[in-house]
Asker: 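Attaching a single structure in structure tokens format; questions to follow.
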Amino acid sequence: MTGIKVAIINNQEEKSMLVTKRLTELLAQSDNTIDQENPELVISVGGDGTLLSAFHLFSHRLAEVRFLGVHTGHLGFYTDWRDYELEELVDTLCNDRQKSVSYPLLDVRITYTNGKSEKHFLALNESTIKRGNRTMVADISIKEDLFEKFRGDGLSISTPTGSTAYNKSVGGAVLHPSINAFQLAEIASLNNRVFRTLGSPIIVGDHEWVKVKLQASTDYLVTIDQFTIEQEEIDAIYYRIADERIHFASYRHMHFWNRVKDAFIGEI
């Protein structure tokens, strides 16, 4: 069997760099090729943040590449292999190249009031909207229908795989990644006799979208995964499940609920 083209993305921790060096040697010995531009498989070495960086580097080639994570620190939700399992990883890679599992992504579209062209992003984990140190005011619509008038610190919109990240810390539910939906969670919403929101996370299906119409301001902060984008003169932000999906090589895929248990509960 001919080798495959592999890109390796690592963080700058000493351990990750040593693992990358050893992994590169093993891949070369097994007739695979390191190709950082046009890979078939992208291996991240580090943690979930490194995998997110790898995703955004190759988000324009999601139909052609699969991803695989090697973690060198704490257990990550996107990393199936440990740093001491490199020989087994490469051996498995060479003998079974077809297995994969795909997860939904978040489609984010930002429109502006000044006539500037809209911007489009994909998020693997989540997107958040906040307004500096001031209360954020927004009309939230599901499809074309106004759902609520939000006032509070901000909003978190997450994918199922991202539901265990910031979404969980603000009271959102944990979703299994087989569910093709996204989640909207309020961040410190104001609820009193004057202002009223649902106050609970909502799950939105893949046939629907959410529009967040923002009050005029120049101090909004929008995040797309780990990237922060300072935006001026935003009119609205639209969220839906993306047409694209991310594909993970599942040579030895850890079940999602086992990941959740290991990360938040541990041994019982």
Side-chain angles (χ1 to χ4, degrees), residues 11 44 46-56 69 71 73-79 103-108 121-138 140 142 147-148 150-192 195-204 210 212 214 219-231 237 239-242 246 254-268:
N11 62 30
S44 74
D48 284 347
T50 310
L51 192 283
L52 287 169
S53 296
F55 162 73
H56 284 281
H71 60 276
H74 300 294
L75 179 65
F77 277 89
Y78 295 116
T79 48
Y103 293 158
L105 301 170
L106 187 66
D107 183 289
V108 185
F121 305 91
L122 290 175
L124 175 55
N125 259 9
E126 68 206 358
S127 172
T128 65
I129 317 169
K130 296 181 180 179
R131 187 189 167 192
N133 294 320
R134 301 183 64 184
T135 298
M136 190 179 105
V137 178
I140 300 175
I142 300 177
F147 180 72
E148 69 179 20
F150 174 83
R151 285 170 174 79
D153 283 359
L155 298 167
S156 172
I157 301 89
S158 63
T159 66
T161 47
S163 68
T164 56
Y166 185 56
N167 166 78
K168 183 178 180 298
S169 71
V170 297
V174 175
L175 296 185
H176 193 280
S178 63
I179 300 172
N180 204 36
F182 66 98
Q183 182 170 182
L184 185 148
E186 300 173 359
I187 305 171
S189 58
L190 297 175
N191 285 289
N192 50 42
F195 305 126
R196 176 61 54 189
T197 66
L198 181 64
S200 299
I202 61 172
I203 311 301
V204 183
V210 165
V212 180
L214 295 167
D219 59 349
Y220 289 110
L221 295 177
V222 179
T223 67
I224 308 294
D225 289 333
Q226 76 270 49
F227 302 106
T228 300
I229 306 165
E230 293 188 20
Q231 298 288 336
I237 307 179
Y239 294 98
R240 67 178 183 88
I241 286 294
I246 185 171
M254 182 184 291
H255 292 297
F256 178 74
W257 294 120
N258 287 340
R259 295 176 189 266
V260 173
K261 176 185 174 184
D262 287 347
F264 299 112
I265 300 173
E267 293 299 324
I268 299 176

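Numbers for residues simply follow the sequence, beginning at 1.
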Asker: Please list all pairs meeting salt bridge (charged side-chain N to carboxylate O under 4.0 Å, His left out) that have one or both residues in residues 151-170, counting only residues at least two apart or in different chains.
Answerer: none
Asker: Between L106 and L122, is any pair of side-chain heavy atoms under 4.5 Å apart?
Answerer: no
Asker: Does atom CG of N133 have more than 12 heavy-atom neighbours, drawn from other residues, nucleotides or ligands, at distances under 6.0 Å?
Answerer: no
Asker: Applying side chain to side chain contact (heavy atoms under 4.5 Å, CB included), name anything that partners L221, two or more places apart in sequence or on another chain.
Answerer: T228, E230
Asker: What pairs with T135 under side-chain hydrogen bond (donor to acceptor under 3.5 Å, both in side chains), at least two apart in sequence or on another chain?
Answerer: none
Asker: Apply side-chain hydrogen bond (donor to acceptor under 3.5 Å, both in side chains) to D225 and list each qualifying residue two or more places apart in sequence or on a separate chain.
Answerer: H56
Asker: Kindly determine whether I187 and Y166 satisfy side chain to side chain contact (heavy atoms under 4.5 Å, CB included), including the steps that lead there.
Answerer: CA-CA 10 Å; I187 305 171; Y166 185 56; 3.6 Å; yes
Asker: Would you please name every residue forming a ring-ring contact (aromatic ring centres under 6.0 Å, His included) with F195, sequence neighbours left out?
Answerer: none
Asker: Looking at residues at least two apart in the chain, or sitting in another chain, which of them share a side-chain hydrogen bond (donor to acceptor under 3.5 Å, both in side chains) with T159?
Answerer: T161
Asker: Mind checking side-chain hydrogen bond (donor to acceptor under 3.5 Å, both in side chains) for E186 and listing every partner two or more places apart, or none if nothing turns up?
Answerer: S189, T197
Asker: Taking side chain to side chain contact (heavy atoms under 4.5 Å, CB included) as the definition, give me every residue that meets it alongside S200, ordered by chain and number, with sequence neighbours left out.
Answerer: L198
Asker: By side chain to side chain contact (heavy atoms under 4.5 Å, CB included), which residues pair with S44, not counting sequence neighbours?
Answerer: T50, L51, A54
Asker: My understanding is that only residues two or more places apart in sequence, or in another chain, count here; which of them pass side chain to side chain contact (heavy atoms under 4.5 Å, CB included) with D219?
Answerer: R131, R134, S217
Asker: Classify the angle between the aromatic ring planes of H176 and F256 as parallel (below 30°), tilted (30 to 60°) or perpendicular (above 60°).
Answerer: perpendicular
